[in-house]
2 protein chains.
Amino acid sequence: MSPAAEAEAPWARRPKRADGRRNYDAILDAARVAFAERGTGASLEDIAKSAGVAIGTLYGHFPTRETLVEATIREQLDQLDQAAAAQADGDGDPLGSLTTWMRLAVEHCSTYRGLASFLAGSTYTAGAPLHHTSVTVHKAAAPLLARAKQADRIREDVTAEELYAVITAAAWARENSPASTDHSVRLMAFMVAGMSPSAEVPARA
Amino acid sequence: MSPAAEAEAPWARRPKRADGRRNYDAILDAARVAFAERGTGASLEDIAKSAGVAIGTLYGHFPTRETLVEATIREQLDQLDQAAAAQADGDGDPLGSLTTWMRLAVEHCSTYRGLASFLAGSTYTAGAPLHHTSVTVHKAAAPLLARAKQADRIREDVTAEELYAVITAAAWARENSPASTDHSVRLMAFMVAGMSPSAEVPARA
DNA sequence: ACCTGAACACCGTTCAAGT
DNA sequence: ACCTGAACACCGTTCAAGT
């Protein structure tokens with residue numbers, strides 16, 4: 001919650017010098033491959049080796065694993081943000097817009113094994129590198145959620161936090177589903193149906 | 001799927017010699033404390049140290065981390081199995097019986113951070129130490145699920161695998177919720193409501 | 001401003017030697 | 001039948017020295 005944390009995130013910037021940018025990008029590329037293959041717990045030394053840089057170079061650009069994870073998915077999250085804005089501006093079916101966007105969010109939040117845990121963990125930790133990501137997803141969802149509520153397709157008492165919990169839980173299910181059958185789509189369908197005003201759900205305590 | 005895997009699990013047995021049993025139990029106690037504090041990824045060396053045994057002794061009883069995790073929760077799972085049998089025999093509300101039991105299952109499956117991932121991962125791996133656990137939960141749920149379907153409170157097309165996915169996803173949400181607010185109860189409520197025959201859920205592809 | 005790699009700490013895992 | 005702890009491999013992380 002310190003103002004310094006909000007002010008400037010040094011790890012968020014690409015280096016200015018040409019060789020620095022080249023290494024920075026090479027590390028990101030290698031990280032994406034490694035995370036895709038072995039999850040977000042992949043060996044940082046292997047990533048540095050694949051990128052052709054010394055381990056110290058990796059730490060220079062990304063002081064913690066979470067900063068590296070954040071950087072590998074930043075563009076996808078921007079895209080998710082834009083998709084939400086596009087859906088909210090359109091005049092399509094409010095529930096359809098929400099569910100379509102949620103499915104996209106689930107895909108993005110399950111890009112790598114372990115990502116959903118990182119995202120869930122950073123939500124309530126203001127200083128975390130992924131906290132900004134988490135907040136962005138919350139904000140992106142808000143207008144879509146509001147529109148679905150106004151159209152009486154989603155219960156009034158569903159909060160943005162709960163929607164985020166639904167998305168990350170489904171993303172986790174996707175990460176942990178066998179390749180043959182992805183359970184997350186069915187879980188999402190159940191949860192969205194359960195969030196309907198017509199569903200029999202006890203009020204929150 | 002090899003018959004040898006089904007036949008006998010050496011790590012599943014408590015040792016016969018007195019000193020062996022003492023160490024075995026001490027390791028289990030230490031593991032439960034460590035897993036509760038730091039999750040299922042806790043240091044095995046620390047656990048051995050807390051138990052007052054050499055690291056080789058721990059490996060002698062529990063050749064892999066998963067075997068140790070399995071042993072720490074075996075009694076809880078037996079209890080869950082018995083609870084299901086009790087609910088199925090009773091003549092209470094079928095949906096109430098199912099949801100009560102599911103909530104208990106969620107609690108048991110989220111005893112330690114990381115347990116839900118272990119459980120989800122072992123479902124489709126026949127040789128895994130936790131596979132038997134996973135199968136037990138599936139089997140325990142079956143009669144409760146059948147009763148709820150017969151009473152027309154749960155959609156006919158909901159499978160035992162999906163019910164298990166619902167439980168583990170909620171368990172994961174519980175593991176990853178802040179201490180102040182446990183999102184899993186709400187997610188469970190949404191999913192159970194979404195599994196109702198009256199809910200608007202598209203049929204499976 | 002950025003890169004390098006040695007150095008240290010810690011942990012997982014195995015295994016020869018013991019009782 | 002079980003225990004011990006040294007030994008090896010691997011990885012995370014830091015930092016003095018370089019360009």
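This one's a predicted model, so the numbers in the text were calculated from it and none came from an experiment. Below, read A as the first sequence line, B as the second, and so on, with proteins coming before strands; counting in each chain starts at 1.
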For B:D25 and D:dC2, what is the distance between atoms CG and P respectively, to the nearest whole Å?
13 Å
Does the structure show a Watson-Crick or G-U wobble partner for C:dG5, both distances under 3.5 Å? Name it, or say none.
D:dC15
Close side-chain approach of B:Y164 and B:S134, heavy atoms under 4.5 Å:
yes
Testing C:dT4, D:dT4, C:dC2 for proximity to the side chain of A:A54, the answer is C:dT4
Figure out the CZ/P separation between B:R38 and C:dG12, and round it to whole Å.
11 Å
Distances under 3.5 Å between nitrogen or oxygen atoms of protein and nucleotides 6-11 of chain C:
none

Are any of A:N23's side-chain N or O atoms less than 4.0 Å away from OP1 or OP2 of C:dC3?
yes
Mind calculating the distance between CZ (A:R22) and P (C:dC3) to the nearest angstrom?
9 Å
B:H61 NE2 - C:dT13 C1' separation (whole Å)
17 Å
Both distances under 3.5 Å, Watson-Crick or G-U wobble: report the partner of C:dC10, or none.
none
Can a donor-acceptor pair be found, under 3.5 Å and without considering hydrogens, that links the side chain of B:D81 to the backbone of B:L77?
no
Test B:V192 against every option in B:L98, B:T99, B:L187 by the side chain to side chain contact (heavy atoms under 4.5 Å, CB included) rule and name the one that passes.
B:T99
Using heavy-atom distances to pick each residue's nearest nucleotide on DNA chain D, tell me which of A:Y59 and B:R17 is more 5'.
B:R17
Only one of A:M195, A:R153, A:R147 clears side chain to side chain contact (heavy atoms under 4.5 Å, CB included) with A:L95; which?
A:R153
B:R21 atom CZ is separated from D:dC2 atom P, nearest whole Å, by 10 Å
Parallel, tilted or perpendicular: ring planes of B:H183 versus A:Y124, cut at 30 and 60 degrees
parallel
Test item: B:R65 side-chain N/O and B:A42 main-chain N/O as donor-acceptor pair under 3.5 Å:
yes
